[in-house]
Amino acid sequence: MAHVGVVFGGRSVEHQVSIRSARTVAQGLREAGHSVTPLGIASDGCWIDADASAAVIDSGAKEIPPLEVPVAPTVRHLLASGVEVVFPILHGTWGEDGTFQGLCEMLDLPYVGCGVTTSAIAMDKVLAKRQLAASGVPVVDFETTSRRDFEADPKAFLARCERLPLPLFVKPSVGGSSVGIRKVSDLVDMAEAVRFALRFDEVVLVERGVKGRELECAVLGYRDVQASVVGEIVPGNEFYDYADKYLQDTAGLIAPAELPAAVSDRLRRTAVQAFTAIGGAGFARVDFLLEGEDGLFVNELNTLPGFTSISMYPLLWKLTGLPLPRLVDRLVQIALERHAERRRLDEGIKEFLATLA
Ligand SMILES: Nc1ncnc2c1ncn2[C@@H]1O[C@H](COP(=O)(O)OP(=O)(O)O)[C@@H](O)[C@H]1O
Ligand SMILES: [Mg+2]
């Protein structure tokens with residue numbers, strides 16, 4: 001059994017969700033027999049020590065307030081913890097996007113979930129869509145622009161979008177929690193929606209709006225990737241926006257989703273294909289849009305999915321026959337396997353160089 005650091009909180013808008021996810025993950029790991037050290041990150045990026053982190057997990061604390069000191073020296077709390085493997089449950093920017101994974105690589109610490117490149121690609125909607133499309137995974141038709149190009153000639157971009165049927169979804173390429181996303185039903189609103197999205201990222205994409213269902217599938221594995229049963233989100237608002245995700249209690253979550261077997265089989269195969277296409281390892285929740293019975297599109301992959309007691313990812317695995325302790329234990333085993341493999345690759349490089357000497 002391993003000494004696992006559960007890293008939670010962080011700088012993203014999903015700070016509070018992350019704390020709730022960490023409670024579930026810590027409990028599952030303990031039930032699986034691991035020893036757990038929670039490691040919290042305040043909303044300004046500063047790390048807090050293991051005792052303070054445990055107090056956040058054990059109490060009903062909703063957030064870790066900013067410490068307002070330089071961040072770098074506070075990383076000592078991770079270094080001093082003595083953990084053998086890290087389970088980051090940091091949703092969104094500064095955690096799900098490859099940044100935390102890079103820190104672990106530099107520290108030679110095994111970590112749960114996707115690596116640096118995969119995490120970064122999955123967080124960037126334009127990059128992810130290009131990579132998925134190149135691998136034959138169906139994605140929704142889109143156009144993209146950068147701040148520089150849009151400011152130089154907004155009309156040219158708006159003209160390019162005219163081929164896409166209304167309504168349109170305008171999104172910052174890097175982001176999450178639906179922040180910065182607008183549904184546009186009239187082209188006169190497009191320029192403002194693009195400028196709004198540009199407040200959150202340098203690159204914006206405009207997608208054709210899919211009139212259909214939102215389905216989710218949980219994937220798990222490394223060499224051998226498995227897909228769970230399928231779940232469905234029924235937005236309470238016009239789409240699954242920030243308020244619907246976090247402020248209201250109007251969205252419905254149905255699991256397993258009612259679907260013809262052929263559709264759910266196809267969806268599960270496509271989820272594994274999408275995960276593999278971006279080099280996934282460990283886990284991800286793959287989100288789909290389904291138009292009719294044939295129009296299946298991967299909307300996005302979430303490489304550090306929500307893990308609260310009511311989140312879709314652990315629920316879908318439970319329904320597939322993998323309860324929480326076995327699920328989180330498997331994730332830790334994959335993290336250790338991948339770390340050992342990375343070491344072997346390094347050895348291989350050294351041996352190769354030795355043959356040249
Ligand atoms: N092309 C689309 N067609 C229909 N609905 C969409 C489309 N793109 C996004 N949405 C709606 O907006 C929500 C958030 O978009 P998404 O791309 O998942 O961004 P985020 O990363 O912020 O979750 C989706 O859950 C869905 O309700
Ligand atoms: Mg989403």
Side-chain angles (χ1 to χ4, degrees), residues 12-14 17-18 90-98 119-133 137-144 161 163-185 190 193-194 196-201 203-219 230-248 250-254 257 271 274 278 284-292 295-306 311-313 316:
S12 89
V13 294
E14 290 167 272
V17 182
S18 165
L90 301 160
H91 313 305
T93 40
W94 290 293
E96 188 168 346
D97 56 0
S119 303
I121 290 175
M123 183 57 78
D124 187 318
K125 292 184 167 63
V126 171
L127 287 185
K129 283 168 79 97
R130 286 190 179 137
Q131 184 68 18
L132 292 172
V137 176
V139 294
V140 182
D141 200 3
F142 72 106
E143 289 285 345
T144 178
C161 294
R163 70 176 185 86
L164 299 169
L166 292 166
L168 301 172
F169 278 81
V170 183
K171 316 179 181 179
S173 187
V174 174
S177 304
S178 303
V179 172
I181 300 185
R182 280 206 183 146
K183 180 178 178 181
V184 170
S185 302
M190 268 289 284
V194 173
F196 178 62
L198 282 171
R199 279 170 49 186
F200 305 94
D201 192 29
V203 174
V204 163
L205 69 159
V206 174
E207 276 178 3
R208 163 176 95 76
V210 172
K211 292 177 205 76
R213 297 164 70 181
E214 290 194 45
L215 300 164
E216 306 191 339
C217 182
V219 294
V230 178
E232 178 163 11
I233 298 287
V234 182
N237 290 345
E238 204 181 339
F239 68 96
Y240 198 28
D241 62 11
Y242 182 85
D244 208 11
K245 284 179 179 173
Y246 303 120
L247 306 178
Q248 302 162 181
T250 42
L253 192 152
I254 303 167
I278 62 164
R285 197 189 71 229
V286 188
D287 295 355
F288 290 84
L289 296 164
L290 178 68
E291 199 168 41
L296 183 66
F297 304 97
V298 169
N299 180 38
E300 60 164 347
L301 288 102
N302 295 281
T303 54
L304 281 176
S311 287
M312 192 65 110
Y313 188 89
L316 291 177

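Remember, it's 1-based here, ligands and their atoms both numbered in the order they're listed. Basis for what follows: all heavy atoms, side chains included, without hydrogens, waters or symmetry-related copies. These numbers come from a predicted model, not from an experiment.
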Do any N or O atoms from the side chain of Ser178 and from the backbone of Tyr240 form a donor-acceptor pair under 3.5 angstrom?
-> yes
Is there a side-chain contact between Trp94 and Ser12 (heavy atoms, below 4.5 Å)?
-> no
Phe200 CZ to Ile181 CD1 distance, which is reported to the nearest 0.5 Å = 10.0 Å
Distance only, no hydrogens: is a donor on one side chain within 3.5 Å (strictly under) of an acceptor on the other, for Glu216 and Tyr313?
-> no
Spatial distance of atom CD (Glu96) from atom OG1 (Thr303) [nearest 0.5 Å] | 4.0 Å
Drop me the distance from Ser173's OG to Leu127's CG, to the nearest 0.5 angstrom.
-> 6.0 Å
About how many Å separate CZ of Arg208 and CD of Glu143, when rounded to the nearest 0.5 Å?
-> 13.5 Å
Are any of the side-chain heavy atoms of Pro235 and Glu214 separated by less than 4.5 Å?
-> yes
Listing protein N, O or S under 2.8 Å around the Mg ion (ligand 2) gives Glu300 OE2
Side-chain (Asn299) to main-chain (Leu289) donor-acceptor, under 3.5 angstrom | no
Give every pair made of an N or O atom of ligand 1 and a protein N or O atom lying under 3.5 Å apart, one pair per line with both atom names and the distance to 0.1 Å, or write 'none'.
residue: ligand 1; atom: 1 (N); partner: Glu207; partner atom: OE1; Å: 2.7
residue: ligand 1; atom: 1 (N); partner: Arg208; partner atom: O; Å: 2.9
residue: ligand 1; atom: 3 (N); partner: Val210; partner atom: N; Å: 2.8
residue: ligand 1; atom: 8 (N); partner: Lys171; partner atom: NZ; Å: 2.9
residue: ligand 1; atom: 8 (N); partner: Glu207; partner atom: OE1; Å: 3.3
residue: ligand 1; atom: 17 (O); partner: Lys171; partner atom: NZ; Å: 2.7
residue: ligand 1; atom: 17 (O); partner: Asn299; partner atom: ND2; Å: 3.3
residue: ligand 1; atom: 18 (O); partner: Asn299; partner atom: ND2; Å: 2.9
residue: ligand 1; atom: 18 (O); partner: Glu300; partner atom: OE2; Å: 2.8
residue: ligand 1; atom: 21 (O); partner: Lys125; partner atom: NZ; Å: 2.7
residue: ligand 1; atom: 21 (O); partner: Glu300; partner atom: OE1; Å: 3.0
residue: ligand 1; atom: 21 (O); partner: Glu300; partner atom: OE2; Å: 3.2
residue: ligand 1; atom: 22 (O); partner: Ser177; partner atom: N; Å: 3.2
residue: ligand 1; atom: 22 (O); partner: Ser178; partner atom: N; Å: 2.5
residue: ligand 1; atom: 23 (O); partner: Lys245; partner atom: NZ; Å: 2.7
residue: ligand 1; atom: 23 (O); partner: Glu300; partner atom: OE2; Å: 3.0
residue: ligand 1; atom: 25 (O); partner: Glu214; partner atom: OE1; Å: 2.7
residue: ligand 1; atom: 27 (O); partner: Glu214; partner atom: OE1; Å: 3.4
residue: ligand 1; atom: 27 (O); partner: Glu214; partner atom: OE2; Å: 2.3
residue: ligand 1; atom: 27 (O); partner: Tyr240; partner atom: N; Å: 3.0

